[in-house]
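Written out below as structure tokens is the structure these notes cover.
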Amino acid sequence: MGLYQRKDSRFWWMSYTAANTRTFESTKTSSKDIARKILRQREGEIALGLFKVGSPCVRFTFAKLCEEFLSSHSPTLSTSSQRNHRTFIKNLKLYFGEYDLTEIQRQMIEEYRNHRRRQPSQSNAKLTVKGATVNRELQCLHCMFQFAVTRKYITENPATGVKHFDERRERPIKRMLTAEEEQRILNVAPPSLRVAIILLVQTGGRTYSEGLSLRWSKWISTIRSFAWAATSRRKTPNNLFH
């Protein structure tokens, strides 16, 4: 009996003899300390007659992990996070579904990352999936494998250290609207949006989180503050409320 390493595997392997048969088996771990424990456990099983040569190993596939993760972990998160997890896992499952957890290694995850980045976007077939979308899926995958480690299905997280895409390269360059651009937008905007447009342009607020998400009472307060500041500087915009 003993431990050894193979050139074609990142795991430690063990050899043992049971019922006059020499067997070679992967410990499914790259940690030598854990491999020693697995070998000692196997030695104890053989000594007590609890181990049978050729007994089938229990496989834990990625598809099974998806089901358990969605039923046990996702419900503890917000509704939006649960919805995102279902979307991410749908794509992850298509790629990793039938693989055993111990078969999924860092290189395979990197191959998925690059494969996913080259796929066409669902919203526009002329474009590919954004790096930010792939990054969210990789984060979800890392969380799933950490869940598997916690439940002792695997000994280490293969998604650790996988490099993500630089999302800053995909973001449009931010710049202020010119006076002509602002006027062109106001000319075609419905009256109900003109005040919001002027306030957002003048204050630099974020459209959804700081502008359109405000309740009417907050809008009134903002308008009064803006009008007071503009009046005090004698620069009140023409037709602000028309």
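Just so it is clear, the structure is predicted and the values come from calculations on it, not from any experiment.
Across Phe11 and Ser30, no two heavy atoms sit closer than the pair CD2-N, 3.8 Å. Considering every non-hydrogen atom in both Glu98 and Thr61, the closest pair reads O-CG2, 4.1 Å. Annotation for Ala148 and Leu101: closest pair CB-CD1, 4.2 Å, computed over non-hydrogen atoms. Closest heavy-atom contact between His73 and Cys143: NE2-SG, 3.7 Å. Here the closest heavy-atom approach between residue Val129 and residue Arg116 is recorded as CG2-NH1, 3.4 Å. The two residues Gly131 and Arg117 come nearest to each other via the heavy atoms N-NE, 3.6 Å.
A donor-acceptor distance shorter than 3.5 angstrom exists from the side chain of Thr87 to the backbone of Arg83, with no hydrogens or angles considered. At least one donor-acceptor pair under 3.5 Å links the side chain of Ser71 to the backbone N or O of Glu68. Under the 3.5 Å distance criterion, the side-chain polar atoms of Gln146 are left unmatched by any main-chain donor or acceptor of Asn157.
Expressed to the nearest 0.5 Å, how far NE2 of His85 lies from OG of Ser78 amounts to 9.0 Å. Interatomic distance, CD of Glu137 versus CG of Asn84, reported as 10.5 Å (0.5 Å rounding). Between the CG atom in Leu70 and the CG atom in Leu65 there is a gap of 9.0 Å [rounded to 0.5 Å]. Note that CG of Leu92 is 4.0 Å distant from OH of Tyr112, once rounded to the nearest 0.5 Å. Rounded to the nearest 0.5 Å, atoms CD1 (Ile154) and CD (Glu103) are 12.5 Å apart. Going from atom CZ of Arg113 over to atom CE of Met108 covers 14.5 Å, rounded to the nearest 0.5 Å.
Partners of Tyr4 by side-chain contact (heavy atoms from CB on, under 4.5 Å), not counting sequence neighbours, listed by chain and number: Arg6, Trp13, Ser15, Phe24. Shown here are the ring-ring contact (aromatic ring centres under 6.0 Å, His included) partners of Phe88, two or more places apart in sequence or in another chain: there are none. Not counting sequence neighbours, the partners of Thr27 by the side-chain contact (heavy atoms from CB on, under 4.5 Å) test are Leu3, Trp12, Met14, Thr29, Ala35, Ile38.
Checked for salt-bridge contact, Glu180 and Arg184 miss the test: no charged N lies under 4.0 Å from a carboxylate O. For Glu156 and Arg106, the salt-bridge test fails: no basic side-chain N is under 4.0 Å from an acidic carboxylate O.
A 4.5 Å side-chain heavy-atom check between His142 and Leu138 finds every atom pair outside the cut-off. The side-chain heavy atoms of Phe145 and Leu141, taken from C-beta on, include a pair separated by under 4.5 Å.
Screening Tyr153, Phe96, Tyr99 for a ring pair (Phe, Tyr, Trp, His ring centres under 6.0 Å) with Phe62, the sole residue that qualifies is Phe96.
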Give the intermediate values and the outcome of side-chain hydrogen bond (donor to acceptor under 3.5 Å, both in side chains) for residues Asn187 and Gln183. CA-CA 6 Å; Asn187 289 341; Gln183 190 58 52; 2.9 Å; yes

Start with the C-alpha gap between Met144 and Cys66, add the side-chain angles, then the distance that decides, and say whether side-chain contact (heavy atoms from CB on, under 4.5 Å) holds. CA-CA 8 Å; Met144 292 177 67; Cys66 292; 3.6 Å; yes

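Heavy atoms from other residues, nucleotides or ligands lying under 6.0 Å from CD of Gln139 number more than 12.
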